[in-house]
Amino acid sequence: MSTFQILRAILLGSCFTSPVLSRPALGVMRWMAHSNSVLLNPDRNPILNAIVKPLIYDQFCAGTHLEGIRKTTARIKGMGYTGVILCYGKEAQVLGSNIHATGEKDANMEAGIEHFKLGNLKTLDMAESGDWLGIKMTGAGSEITQALIKNEEMPASFRRAMQEICEKARQKDCRIWIDAEQQVVQGAIDAWTIELQREFNRDRALLYNTLQAYLKGSRPKLEKQLAIAREEGWTLAIKLVRGAYMSTENRELIHDTKEDTDNSYNSIVRDLLGGNGLGIPPNERPKVQLFLAGHNPESIAKAANLIKDLSSQDRLAVLPDFGQLQGMADEIGCKLLQHCEGLKGSGTSLNVPHVYKCLTWGSVQECMQYLHRRVVENAGNSARMTDGMTAYTRELKRRMFGLGS
């Protein structure tokens with residue numbers, strides 16, 4: 001990371017962890033994310049854009065156009081990351097979506113799906129071999145969102161769009177993850193994703209579903225999906241996260257304490273990597289692929305050390321990939337890269353995981369919608385943000401004054 005990026009991270013972190021500054025900062029972000037006025041919309045106000053883009057947008061996002069995105073991607077890979085996950089930043093409104101008459105509904109659905117398809121195909125055009133595409137199903141528009149809320153079957157036109165996206169990803173040697181969303185739509189997202197995994201995860205894992213470890217039902221859900229994949233003969237590919245919708249979810253669905261969530265995440269990692277537990281004997285388990293996405297340093301460090309230990313004992317059942325969001329927990333990604341370099345230089349045959357960065361792209365206002373949601377989600381985790389700022393401050397002192405190691 002450049003010194004300017006570290007200074008910017010400290011400045012923004014100080015703002016969002018301050019009891020005095022955090023609330024007005026969130027308010028300003030919300031206005032910029034949703035305003036149609038020339039004054040507050042950074043896509044329409046060039047002066048505001050000139051302030052917001054270098055100060056906030058560039059810290060967390062990939063770019064607004066192909067040239068900028070490729071420049072950011074090259075910088076990330078130059079740091080040692082295996083590749084990137086590209087996501088389109090425009091957010092969808094899940095709750096309160098409009099309901100239309102049948103004819104208008106069909107037209108709106110087809111328009112939403114077409115926009116969704118073209119946006120994801122354009123994102124794949126920006127990706128390189130080995131990269132990823134991140135998809136939010138609600139990005140296909142309000143009618144698809146309503147179908148998800150009602151837990152309906154996947155519309156044929158949406159299936160065709162996803163098939164086209166998956167085929168292009170396969171041709172480009174890219175993989176896809178389907179993001180988890182609010183529980184009001186997650187049941188249908190799981191069902192639709194499994195339908196697509198049946199088709200595209202036969203020869204290798206192309207499509208990953210997201211499992212939220214902060215939910216009490218995460219382990220039973222994983223066991224059920226493992227059983228389906230075993231019975232039908234395809235690879236179950238999982239992106240494991242802690243969870244990101246605590247402020248909008250039914251609190252009863254979420255583990256009662258942080259410790260319970262820690263145990264849920266860590267135990268799922270342990271059982272998948274070791275090939276034990278999860279209700280299926282090791283010799284009967286289907287093929288499994290795993291992506292560990294998370295910003296909790298303790299859980300990520302435990303997973304990295306477990307890979308090393310199991311690999312040295314020739315007991316590693318799954319070699320996962322790792323990844324974090326650009327601009328958030330960058331210190332964790334850097335430590336993972338150092339850990340992997342240590343494994344490569346150990347002179348042994350230990351398995352070395354790949355580490356990725358998740359990059360969101362889009363206009364400044366579109367990405368402000370994404371950033372506002374992310375900051376709200378992380379508002380209750382100021383301790384982790386403070387730990388990250390401590391790491392940045394230590395590195396800054398080292399660079400400027402030669403202090404510390």
Side-chain angles (χ1 to χ4, degrees), residues 83 85 117 120 124 127 129-137 140 148 151-181 185-213 215 217-241 268-269 271-293 316-323 351 353-354 356:
I85 306 102
K117 182 186 77 173
N120 283 294
L124 279 171
S129 175
D131 289 339
W132 296 66
L133 169 68
I135 288 179
K136 290 175 73 75
M137 283 192 175
L148 290 166
N151 202 19
E152 297 176 352
E153 292 185 2
M154 190 189 326
S157 54
F158 183 80
R159 183 191 301 275
R160 289 193 295 270
M162 284 299 303
Q163 288 171 329
E164 188 171 341
I165 293 166
C166 288
E167 288 292 353
K168 182 165 185 175
R170 185 155 57 187
Q171 293 167 10
K172 294 204 66 169
D173 190 30
C174 294
R175 286 176 286 176
I176 299 172
W177 77 31
I178 305 296
D179 272 323
E181 304 192 46
V185 294
Q186 190 58 46
I189 289 174
D190 290 335
W192 294 9
T193 303
I194 287 174
E195 285 189 46
L196 294 164
Q197 286 181 318
R198 286 190 179 107
E199 181 176 356
F200 289 100
N201 283 13
R202 293 285 178 179
D203 298 329
R204 70 181 187 95
L206 174 73
L207 197 67
Y208 284 59
N209 196 16
T210 300
L211 183 70
Q212 297 166 295
L215 295 174
S218 57
R219 178 172 284 268
K221 177 187 288 188
L222 176 58
E223 292 176 354
K224 180 180 179 181
Q225 293 180 4
L226 280 166
I228 294 172
R230 177 190 60 175
E231 182 178 344
E232 298 176 353
W234 45 272
T235 299
L236 180 65
I238 293 291
K239 180 185 74 162
L240 182 64
V241 302
I268 289 173
V269 171
D271 290 346
L272 285 175
L273 267 56
N276 300 313
L278 297 168
I280 298 177
N283 61 333
E284 297 182 15
R285 282 182 54 182
K287 292 180 180 178
V288 176
Q289 294 295 325
L290 180 63
F291 191 105
L292 296 177
L316 184 67
V318 177
L319 178 63
D321 297 305
F322 287 91
N351 292 291
H354 292 161
Y356 297 84

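Looking at heavy atoms from C-beta onward, Q197 lies in side-chain contact with I194 at the 4.5 angstrom threshold. Between Q225 and D190 there is a side-chain heavy-atom pair separated by less than 4.5 Å. Using a 4.5 Å cut-off on side-chain heavy atoms (C-beta onward), T193 and T210 make no contact. Side-chain contact between E199 and M162 is absent, with no heavy atoms from C-beta onward closer than 4.5 Å. Using a 4.5 Å heavy-atom threshold, the side chains of R219 and I268 count as touching. Taking 4.5 Å as the limit, some side-chain heavy atom of R230 sits within range of a side-chain heavy atom of I280. Proximity of V288 to I238: side-chain heavy atoms (C-beta onward) are nowhere separated by under 4.5 Å. Two residues are said to be in side-chain contact when any heavy atoms from C-beta on lie closer than 4.5 Å; L236 and I228 fail this criterion.
Side chain of D131 to main chain of G83: no donor-acceptor pair is present (N/O by atom type, distance under 3.5 Å, no hydrogens or angles). For the pair K168 (side chain) and L124 (backbone), a donor-acceptor distance under 3.5 Å is absent. Of the possible polar contacts, none joining the R160 side chain to the P155 backbone as a donor-acceptor pair under 3.5 Å is found. K117 places no side-chain N or O within donor-acceptor distance of the main-chain N or O of E164, the cut-off being under 3.5 Å. Side chain of Q186 to backbone of E181: a donor-acceptor contact under 3.5 angstrom is found.
Ring geometry for Y208 versus W132: interplanar angle over 60°, hence perpendicular rather than tilted (30 to 60°). Relative ring orientation between F158 and W192 is described as tilted, the plane-to-plane angle lying within the 30° to 60° band.
Contacts of E231 classified as side-chain contact (heavy atoms from CB on, under 4.5 Å), with partners at least two apart in sequence or in another chain: none.
The neighbour count for K172 NZ, taken as heavy atoms of other residues, nucleotides or ligands under 6.0 Å away, is above 12. Heavy atoms of other residues, nucleotides or ligands lying less than 6.0 angstrom from CD of Q163 number more than 12.
Taking CG of L133 as the start and CD1 of I165 as the end, the distance is 7.0 Å to the nearest 0.5 Å. With rounding to the nearest 0.5 angstrom, the CG atom of L278 is 5.0 Å from the CG atom of L222. A distance of 9.5 Å separates CD in E223 from OG in S218, rounded to the nearest 0.5 Å. Atom CG of residue L273 and atom CG of residue L292 lie 6.5 Å apart, to the nearest 0.5 angstrom. Between the OG1 atom in T235 and the CZ atom in R202 there is a gap of 9.0 Å [rounded to 0.5 Å]. Separation of atoms SG (C166) and CG (L207) is listed at 5.0 Å; rounding is to 0.5 Å.
When all heavy atoms of V318 and P320 are compared, the closest pair comes out as O-CD, 3.3 Å. The two residues L206 and C174 have their closest heavy-atom pair at CD1-O, 3.2 Å.
Remark: D271 does not engage R285 in a salt bridge, criterion side-chain N to carboxylate O under 4.0 Å. A salt bridge links D179 and K239; the closest N-O separation between the charged side-chain nitrogens and carboxylate oxygens is under 4.0 Å.
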Run the side chain to side chain contact (heavy atoms under 4.5 Å, CB included) test on L211 and N209 for me, step by step, so that the C-alpha distance in whole Å, both residues' side-chain angles and the decisive distance to 0.1 Å come before the verdict. CA-CA 7 Å; L211 183 70; N209 196 16; over 6 Å; no

Please lay out, stage by stage, how F291 and I85 fare under the test side chain to side chain contact (heavy atoms under 4.5 Å, CB included). CA-CA 12 Å; F291 191 105; I85 306 102; 4.0 Å; yes

Would you please test R204 and R175 for side chain to side chain contact (heavy atoms under 4.5 Å, CB included) and show each step? CA-CA 10 Å; R204 70 181 187 95; R175 286 176 286 176; 3.9 Å; yes

Please walk me through it: do E167 and R170 pass salt bridge (charged side-chain N to carboxylate O under 4.0 Å, His left out)? CA-CA 5 Å; E167 288 292 353; R170 185 155 57 187; 2.9 Å; yes

